[in-house]
Amino acid sequence: YLRVRERNRFQALNRAIQSSGGTLFALLDAGMKLHPDFTERASNVFGNDAVAVAFTNILGEKLAADVFRMIDGNWIFSVEGLFLAPQIPEVFLGRKLAFLDVGGFKSFDAEFLAMREFVLRQILKGWQLRIDPSLEIDPALSNPQWSDAEKDEALKNYASAKLIVELDE
């Protein structure tokens, strides 16, 4: 657990990732759950040393089709799709070395640009992007066994996790 005082969410993410001890990291939202074989699958995706970022099933089929193109059975990143997609979620797996190589996230008043700009800087440095829908993450509030009280608590934690950086004085 790392408490940061940065007022900007992306500065806080930069600090957290820089402070992490591993070679790979995952940016997740509160309440998300990883499938039991997630770590093994993630290691396979990052077996190629040039991979900087891997998107998971959270990207969704429609957005995945916008940002990546299927060519000869492989998902290939599309720069055009990066700008046509309505948003690029900040839920992904990353290689810490690549993240540090490009200087992490830059701060933007228009937050929807931050992820696009981050991805472009990685491509310009020669890093690769991947998508692997088999990297399954259950989104917050997806557990059908949760009671209404548990869903309310998860939603409250989700909102707190998103807002804590901007609200902490």
Side-chain angles (χ1 to χ4, degrees), residues 1-4 6 9-79 81-82 85 87-106 111 114-146 154 157-158 161-162 164-165:
Y1 179 76
L2 174 69
R3 185 176 180 91
V4 295
E6 281 80 356
R9 174 171 54 137
F10 293 104
Q11 291 171 346
L13 287 172
N14 286 345
R15 184 114 173 270
I17 293 166
Q18 290 166 356
S19 299
S20 69
T23 59
L24 302 177
F25 64 89
L27 286 185
L28 306 172
D29 287 332
M32 290 184 161
K33 295 185 190 285
L34 303 177
H35 283 240
D37 63 350
F38 187 84
T39 303
E40 180 182 339
R41 288 179 185 257
S43 296
N44 292 337
V45 170
F46 284 94
N48 176 343
D49 289 336
V51 175
V53 169
F55 292 98
T56 68
N57 67 314
I58 292 294
L59 198 58
E61 288 181 27
K62 168 72 173 96
L63 190 54
D66 286 345
V67 179
F68 290 84
R69 303 283 184 254
M70 180 66 84
I71 300 175
D72 297 329
N74 295 309
W75 288 100
I76 306 298
F77 176 75
S78 163
V79 173
L82 181 66
Q87 93 176 73
I88 308 296
E90 297 137 26
V91 175
F92 64 89
L93 300 171
R95 184 182 303 277
K96 185 176 176 181
L97 178 64
F99 185 86
L100 297 174
D101 185 39
V102 299
F105 291 111
K106 302 296 180 198
E111 289 188 357
M115 191 63 187
R116 288 172 168 83
E117 192 270 347
F118 170 69
V119 165
L120 287 174
R121 280 187 292 117
Q122 290 194 323
I123 291 168
L124 288 172
K125 284 274 199 162
W127 292 100
Q128 296 176 12
L129 304 169
R130 291 282 193 272
I131 182 170
D132 187 347
S134 73
L135 287 169
E136 294 186 59
I137 299 173
D138 289 332
L141 307 179
S142 68
N143 190 333
Q145 287 91 24
W146 282 359
N157 288 338
Y158 175 79
K162 288 293 191 186
I164 194 166
V165 171

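- Contact record, Leu93 with Ala42: CD1-CB, 3.7 Å, taken as the closest heavy-atom pair.
- Using modelled atom types, one side-chain atom of Arg95 and one backbone atom of Val51 make a donor-acceptor pair closer than 3.5 Å.
- Between Phe68 and Leu129 the shortest heavy-atom distance is CE2-O, 4.1 Å.
- Side chain of Arg116 to backbone of Leu82: a donor-acceptor contact under 3.5 angstrom is found.
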Determine, step by step, whether Val53 and Arg130 satisfy the side-chain contact (heavy atoms from CB on, under 4.5 Å) criterion, reporting the C-alpha distance in whole Å, the side-chain angles of both residues, the deciding distance to 0.1 Å, and the verdict. CA-CA 6 Å; Val53 169; Arg130 291 282 193 272; over 6 Å; no
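- To the nearest 0.5 Å, the span separating CG on Asp101 from NZ on Lys96 amounts to 13.5 Å.
- Taking OG from Ser19 and CG from Asn14, the interatomic distance works out to 10.5 Å, rounded to the nearest 0.5 Å.
- Smallest separation of non-hydrogen atoms from Lys106 and Glu117: CG-OE1, 3.5 Å.
- Between Phe105 and Phe118, the two ring planes are tilted [angle within 30° to 60°].
- In this structure, CZ in Phe46 is found 11.0 Å from CD in Gln128, a value given to the nearest 0.5 Å.
- With rounding to the nearest 0.5 angstrom, the CG atom of Leu13 is 9.0 Å from the CZ atom of Phe25.
- The minimum heavy-atom distance linking Ala50 with Trp127 is given by the pair O-CE3, 3.3 Å.
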